[in-house]
Protein chains: 2
Amino acid sequence: MPRSKGPAQPPAETGPAAARHLPEATLVRLTQYLRALTELRDAGRSSASSEVLAEAAGVNSAILRKDLSLLGSYGTRGVGYETEVLAQRITECLGLTHEWRVSIIGAGNLGRALSGYGGFRNRGFSVVALFDASPDLIGRDVNGLRVANVAFLEDVLTFTRTNMAVLAVPGPVAQELADRLVRIGVRSILSFAPVVLQVPEGVTLRKVDLATELQILAYHAQQAGQTGLQRP
Amino acid sequence: MPRSKGPAQPPAETGPAAARHLPEATLVRLTQYLRALTELRDAGRSSASSEVLAEAAGVNSAILRKDLSLLGSYGTRGVGYETEVLAQRITECLGLTHEWRVSIIGAGNLGRALSGYGGFRNRGFSVVALFDASPDLIGRDVNGLRVANVAFLEDVLTFTRTNMAVLAVPGPVAQELADRLVRIGVRSILSFAPVVLQVPEGVTLRKVDLATELQILAYHAQQAGQTGLQRP
DNA sequence: TGGTGTGAACGGATTCACAGCC
DNA sequence: GGCTGTGAATCCGTTCACACCA
């Protein structure tokens, strides 16, 4: 579509590239669309309308169309979106065609849970190493991985060509480990440690905080005056 | 709502209550301020400026002052905020003075990790039950809790007076369990299952999706052209 | 003087509504 | 007729800048 002006078209982009900068909120939803598309396709649907797809992804259809329009025109008016084509397009956009090699630092309960999480392998992520500092854990087999000594972190990250790391360690040692990760060249870190981490520009850090999640639930429950089980 | 105009002042609120409706983004930061305040207080600081506090919480000071102003005036001009007083105020606002009784559904790696997570107990959450469907797990002791049979979910939730639940179960059974939780009266659910869950109005559902987090990291890494370790 | 509290400006994201295409 | 794609309007959240106060 030869859009005249408006929100700055990427000037004559070749191929199906486009999508320079996707808003964070859109990114989150794209991953949901991707899952919904996979389910619909596996259920034998070759196409779906924005209404159906939005329902499956748990969002409203207006925002879905808006999001998808950022990737370019991949729907057919009067019909909908081809599940296969669109899934492929989103996969490309998210950078999931590349193989991501993930190391998990910390082989406690959480680290072990993550290393066995099936949702990773399905989506282009391989867990290539699992580290701990405890002699009780080092050398043990966890989900087919041998727990490595975190003293050799740098060597193993290099050897395994790790390009993404998950921090599942206690708060007090998290910053120190993040520093080591950054120094050896890891630029993408997901942290479960309940502390504020400082990383230099150019490193992407995401945080998941379990206590925060419960605290926010508590706020909403309190707001609604729900202090116990609410029989209907 | 008869909103007159402007940013709608709560008309003449009595007592230190106020704070009808805190924005979601503010809630997330309040939990960060709370942690930062606890650390500062434990380090012996009885007061801190917005600048210091923001630094400790990993945000900028303007948004911190804005957030805190929503709770009422708790700072002293020229001085800052009293750590003790402010921590108490935030604790109240978030509804953390009440005791929250959490049941965890699913005693796999993730469920076990969560049941042992120290960050909960410290913040007014007690894990009161842990469930699973597998005969291999039922009856086993995990972090001082006996794994209960999920067949008796309703009875145990009632007995333990559970008012918050965490779903750490495989996707395919998550909706069914969410339905049972809702039916028995649970109104606050945190789900780790990688599926879209439907819950009725009045039930607060939060989702943590590990695959989504990695996918978003992948996007940013790809944007920056980082496909391997980046030596400095 | 130093630092809070807050209107006002700004920017980003969501919703609305419909033109345009199949 | 049905559904996408998208301007316009709206809502929400952040940043700015400064009046005001201890």
Side-chain angles (χ1 to χ4, degrees), chain A residues 1-10 16 18-30 32-33 37 45-83 85-86 89 216, chain B residues 1 3-10 13 16 18-30 32-33 37 45-83 85-86 89 216:
Chain A
M1 164 165 290
R3 191 141 47 96
S4 56
K5 46 182 58 173
Q9 208 66 356
R20 289 300 81 184
H21 231 30
L22 298 172
E24 199 68 15
T26 294
L27 284 177
V28 173
R29 287 189 300 265
L30 283 179
Q32 295 164 355
Y33 305 156
L37 283 165
R45 296 195 63 145
S46 63
S47 75
S49 70
S50 63
E51 198 63 57
V52 166
L53 190 46
E55 164 85 18
V59 302
N60 79 59
S61 61
I63 194 82
L64 179 138
R65 290 201 303 279
K66 194 68 138 184
D67 285 337
L68 294 185
S69 77
L70 296 176
L71 310 189
S73 291
Y74 281 81
T76 311
R77 292 175 197 231
V79 179
Y81 302 89
E82 281 187 59
T83 52
V85 174
L86 184 55
R89 177 72 180 120
I216 293 173
Chain B
M1 165 168 290
R3 191 141 45 98
S4 53
K5 49 183 59 176
Q9 210 67 355
E13 188 65 52
R20 290 300 81 184
H21 232 30
L22 299 172
E24 198 69 14
T26 295
L27 284 177
V28 173
R29 287 189 299 265
L30 283 178
Q32 296 165 354
Y33 305 155
L37 283 165
R45 294 195 64 147
S46 63
S47 74
S49 71
S50 64
E51 199 62 59
V52 167
L53 190 44
E55 163 85 19
V59 303
N60 78 59
S61 62
I63 194 82
L64 179 138
R65 290 201 303 279
K66 193 69 138 183
D67 285 338
L68 294 185
S69 76
L70 296 176
L71 311 189
S73 291
Y74 282 80
T76 310
R77 294 179 195 228
V79 180
Y81 302 88
E82 280 187 59
T83 51
V85 173
L86 184 54
R89 177 73 179 121
I216 294 173

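Lettering of chains follows the sequences in order, A, B, ..., and the numbering in each one begins at 1.
Note on A:Arg29: a side-chain N or O is less than 4.0 Å away from OP1 or OP2 of C:dT14. Within the structure, a side-chain polar atom (N or O) of A:Ser50 is placed less than 4.0 Å from OP1 or OP2 of D:dT4. Listed pair A:Tyr74 / D:dC3 fails the phosphate criterion, with no side-chain N or O lying under 4.0 Å from OP1 or OP2. Within the structure, a side-chain polar atom (N or O) of A:Asn60 is placed less than 4.0 Å from OP1 or OP2 of C:dT15. Here B:Thr76 does not reach the OP1 or OP2 of D:dA22: none of its side-chain N or O atoms lies under 4.0 Å away.
In this structure, B:Tyr33 atom OH and C:dT4 atom P are separated by 13 Å, rounded to whole Å. A straight line from CG of B:Leu22 to P of D:dC12 spans 14 Å, rounded to a whole angstrom. Nucleotide D:dG5 holds its C1' atom 14 Å from the CG atom of A:Leu86, rounded to whole Å. B:Ile63 has its CD1 atom 15 Å from the P atom of C:dG11, to the nearest Å. Going from atom CZ of A:Arg89 over to atom C1' of D:dT4 covers 17 Å, rounded to whole Å. One interatomic measurement links the two molecules: CG of B:Leu71 to P of C:dT6, which rounds to 12 Å at whole-angstrom precision. Rounded to an integer number of Å, the gap from CG of B:Leu64 to P of C:dT6 is 14 Å. Atom CD in A:Glu51 sits roughly 13 Å away from atom P in D:dG2 (whole-Å rounding).
Between A:Glu24 and A:Arg65, it is A:Glu24 whose nearest contact on DNA chain C lies nearer the 5' terminus. If B:Ala48 and B:Lys66 are placed on DNA chain C by their nearest nucleotide, the residue sitting closer to the 5' end is B:Ala48.
One finds the CG atom of A:Leu27 at 5.5 Å from the CG atom of A:Leu22 (value rounded to the nearest 0.5 Å). The CG atom of B:Leu30 lies 9.0 Å from the CD1 atom of A:Ile216; values are rounded to the nearest 0.5 Å.
Side-chain proximity of B:Arg77 to the nucleotides D:dT14, C:dT4, C:dT15 is greatest for C:dT4. In the set D:dT14, C:dC22, D:dG5, the nucleotide with an atom closest to the side chain of A:Ser69 is D:dG5.
The two atoms that bring B:Val59 and B:Arg29 nearest to each other are CG1-CD, 4.0 Å, heavy atoms only.
No more than 12 heavy atoms of other residues, nucleotides or ligands shown are found within 6.0 angstrom of CD on A:Glu82.
Take A:Ser50 and apply the side-chain contact (heavy atoms from CB on, under 4.5 Å) test, not counting sequence neighbours, and it matches A:Ser61, A:Leu64, A:Arg65, A:Tyr81.
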